[in-house]
Amino acid sequence: MTRRSALITLGMTLAVVYGGMALTQLGGVRPLLGLDLQGGFSVVLEAEEGTDPEVLDQAVEIMRRRIEALGGVQEPEIAVVGDSTVEVQLPGVTDRDRALEAVGTTGSLEFRPVRQVSPIPGVSPVFFGATPTPEPEPDTTTTTVPSVGGTTSTTAGEGTASTTTTTTVPEGSTTTEPSTTTTTLDPTEGIVLPAGVTWCDEVEQAGCVDRESGLTVDPDPTLDAFLTTGPAGGDIIYHTAPARILGSDLEGAQAQFSGGTSGSGNVVGSWVVVLDFTAEGGDKFAEVTRELANYAIGDPRRQFAIVLDGEVQSAPQVSPEVDPNTGITGGSAIITLGSSADQEEEARSLSVVLRYGALPAAFEISTVQSVSATLGSDSLRAGLIAGFGGLALVAMAMILYYRALGLVNVIGLTVFGSLMLMVFSLLGEWQGVTLTLAGVAGVIVAVGITSDSYVVYFERIKEEVHRGRSLRSAIDHAFSRSIRTILTADTVSFTGAVLLFFLAVGSVKGFALALLIATVCDVLVAVFFTRPAVALVAMSRLGDGGRFSVRGATGLPPEGTS
Amino acid sequence: MSVWRDLYRGDTRFDFFGNRRRWFTISGVIVAVSLFALVFLRLDLGVDFEGGTLVEFENPNAVSVTAVRSIVDGLDIGGGRVQEVGGQGIRVQTAQLDPADEDRLVDALAALLGEAPEDASRLSVGPTFGSQVAESALRALIVFLIVVALFMAWRLEWKMAGAALIALAHDLIFTAGIYALVGFEVSPATVIAILTILGYSLYDTVVVFDKIQENVRERGDRHAFGSIVNLSMNQVLMRSINTSLTTLIPISSLLFVGSFLLGATTLREFALALFVGVATGTYSSIFLAAPILGVWKEGEEHWIKVRRRVERKGAEDDFAPTHGATVPAASMVGATGSGAVPRPPRKRRKHRR
């Protein structure tokens, strides 16, 4: 290496590294700290074995939405790990319960045909006597055989006759208990509940109806349910049939403004939510809408309720132009709302509910961890003190042992440190990569590995000098030989880090990433810093003569005297 | 002074290979003790692996462990382990609690210690999660070993890969054994530390073997393999010492800071594994991996021939193993690179004065 090329390389390296480090740090780009270093909350959720990876990805997307809705979470990190595990890290979150709710609850999105609507807001239709007399049960046969039932249901639902086809055994007649208890003053007395639905006792069973409110406590998708819209929707309570379509049948939903200009030039139109179903979902939807379209316009039973987590979000009517013989086919549908700003809002939130409302997989919470902010910062402080203390000691040892070369090593460690700081800052900014305690440990270990690269090189220089080479040829030879060793050894570390990163879970990942970055930085520093720096030192007065010189470090007398 | 000077100049003549039986015995004892500890004392697996709930608080008012224990017992949550951590904190570990019980525990502890409930560090792990973590780590480990062995077999040679893996197993067993002996808890941090040791041990062995390979290339037909091992070991000795020092210094600082200054137990336990691992990693690459490789290679036909030839000529070989238990030749200073071979150097690649 000539003096000129060494100078240029060294100058450029230092400019890029120190400049880049200064730019990122002054620009406020700092490494993101993991929650073990700044406090926060983490949850590991497990889905059932064999859950479709796509479903997991979808669940992650939904969790992200919900967490964003929480507000105040810096850089949530949600990742699918392994086959069926989702890891959620929420740095800085202190409200455990809300966070847990956001990630852990399995929202269930259901489309349920409406049987009855409460005439008075807030009063459940269950208190208005028995289930509606003309039992609208053409679906009990068709729901059970959804895929092959395509043709049978057409005949069953054909014409207006469907409203009266009570082909099933009327459940009302089988439940005879209420008539035997006529003496008590129970408000629920005499009320015939739909099939399979019971009143809630002390022990709540799925799908049971609360005696006071008349609402279903824990709706079961296979049973009738009495559900409310909640205060925002005017507390309308619906009696709904079992769910016919689930969140997983829906492919997507979007809020759009649909319309144009009318003949008189005014803009007309309305906000709509466009639904796209999966192939299977489209078939189910056609079936449901065909049945619903058989009811007269304005009949409450002509609508279906979109239910999220047991609350009715919307209950659109099937529009008049839908053919009662075919229903809405084609795998997509439009829910028309209106043109006002409120309705725009409604359309948007409905589309969000439809898209992200339900976690498509059932998760079990397997690990919950919260780290207090003070403990986190203590760990960070300990890590930093350890890191800097270690660096200082290594620097001292290296200078003592390798003299001028040790100086190169010390500067090299600052170059390495700056590079790591820069890389982690940028990764945090661009990729949301956080630096964890394990990562800090990885960096500290990397300091050892980097020092080793220097030791390998310096020892080699000594060896070459002892063999009688001149200092200048020794450093070149030593470099080309030792870079092979360094590359081989770094490849081993690198391979290990990459494998760990992809195969391991949680904190091991953070460690692997730090090690991975460190090994790459190590090679870069060796080529672009150490080599030209050593060349320059060797060519300068520090090269030969004096105990502090490079030659002095080899233990041989100055050149020419031997 | 002279040994130090020889070390400094790389002129030592330690007979690593000749003393191999001694090293093998030492390593054998280490492995036996470690295995004994592992089997009879067992590893103390932490919450992360066994499942359970762990609550940690700072303890600025130095409330006694007994007081904390009585509170915990009073909650009727099925008992628990109360520990002081680093002299500045209190850790309570129980079987996995449901969220309500966990909150009760945290509130009670917070009230007793005079801390805010939010300042608690809590961890609740289901019983299956740990086995998953362990499984994934194990899978990573196996894949890693296979890939690295293949890489070493390709870049160096397969016997070197084999010797490196044996040395690695030695390091891992020893580190795990220390954990069993000392009774430290095995946490995910420990797993990380052990994985680091893997990397480090291999790294170190690769450097040593790289040197052996180079020497074989340069003087393979003139020196017996044992001599080359000795030569290489002496050449890399200073590097190994220096590297271990420069690696152990940051780790000791982690150990010291973590353990005494700040009571960060995670750091302490992590650093201990690293410390033991790095130290044994250095030891095993010099005293175990290289001699194993030597024994293995000496059995090869080529090396038997070379050995016979060298012995027949009665050549003075600086690095010939003594096959005894003595450490000779620290006095042979001055023979530096004189290449004490009677016949003229033939295939020498590099010119030496």
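Every chain is numbered from 1 and lettered A, B, ... according to where its sequence line falls, protein lines coming before strand lines.
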Q | B:Phe151 side chain reached by A:Thr491 side chain, heavy atoms, under 4.5 Å | A | yes
Q: Would you indicate whether the side-chain heavy atoms of B:Gln235 and A:Glu459 approach each other to under 4.5 Å?
A: no
Q | All salt bridge (charged side-chain N to carboxylate O under 4.0 Å, His left out) counterparts of B:Asp103, not counting sequence neighbours | A | B:Arg122
Q.
Do the side chains of B:Glu214 and A:Arg481 get close enough for a salt bridge, i.e. N-O under 4.0 angstrom?
A. yes
**Q.** Heavy-atom closest contact (A:Gly390 atom, B:Ile249 atom, distance)
**A.** O-CG2, 3.7 Å
**Q.** Those residues that, when tested against A:Thr485, pass side-chain hydrogen bond (donor to acceptor under 3.5 Å, both in side chains) (two or more places apart)
**A.** B:Asp210
Q: Under 4.5 Å heavy-atom distance to chain B, tell me which part of A:Thr450 shows up: side chain, backbone, both or neither.
A: neither
Q) Is any side-chain heavy atom of A:Thr367 less than 4.5 Å from a side-chain heavy atom of B:Leu123? A) yes
Q) Nearest 0.5 Å, what's the OH-CG distance between A:Tyr454 and B:Asn242? A) 15.0 Å
**Q.** Structural part of B:Val143 lying under 4.5 Å from a heavy atom of chain A
**A.** both
Q | Option in A:Val43, A:Leu393, A:Val498 with maximal non-hydrogen atom pairs under 4.5 Å from chain B | A | A:Leu393
Q: Please state whether the side chain, the backbone, both or neither of A:Ser370 comes within less than 4.5 Å of a heavy atom of chain B.
A: both
Q: Let me know if B:Phe144 has heavy atoms under 4.5 Å from chain A in its side chain, its backbone, both or neither.
A: both
Q) For the atom pair CD (B:Gln213) and OG1 (A:Thr488), what is the distance rounded to the nearest 0.5 Å? A) 8.5 Å
**Q.** Most contacts with chain B, counted as non-hydrogen pairs under 4.5 angstrom, among A:Val455, A:Ile486, A:Asp452
**A.** A:Asp452
(Q) Tell me which of these, B:Val206, B:Leu245, B:Val236, has more heavy-atom pairs under 4.5 Å with chain A than the rest. (A) B:Val206
Q. Is B:Arg239 salt-bridged to A:Glu463, going by a charged N under 4.0 Å from an acidic O?
A. no
Q: Evaluate the side-chain contact (heavy atoms from CB on, under 4.5 Å) criterion for residues B:Met238 and A:Phe458: first the C-alpha distance (whole Å), next the side-chain angles of each, then the deciding distance (0.1 Å), finally the verdict.
A: CA-CA 11 Å; B:Met238 206 54 227; A:Phe458 295 166; over 6 Å; no
Q: With a 4.5 angstrom heavy-atom cut-off, could you sort out which part of B:Leu274 is near chain A: side chain, backbone, both or neither?
A: side chain
Q) How far does CD1 of B:Ile142 sit from CG of A:Leu499, to the nearest 0.5 angstrom? A) 12.5 Å
Q) With only heavy atoms counted, which part of B:Val148 is less than 4.5 Å from chain A, the side chain, the backbone, both or neither? A) side chain
(Q) What I want to find out is whether B:Glu218 reaches A:Arg467 closely enough, with some N-O distance under 4.0 Å, to be called a salt bridge. (A) yes
Q) Could you state the interatomic distance from CD (A:Gln369) to CG (B:Leu54), rounded to the nearest 0.5 Å? A) 9.0 Å
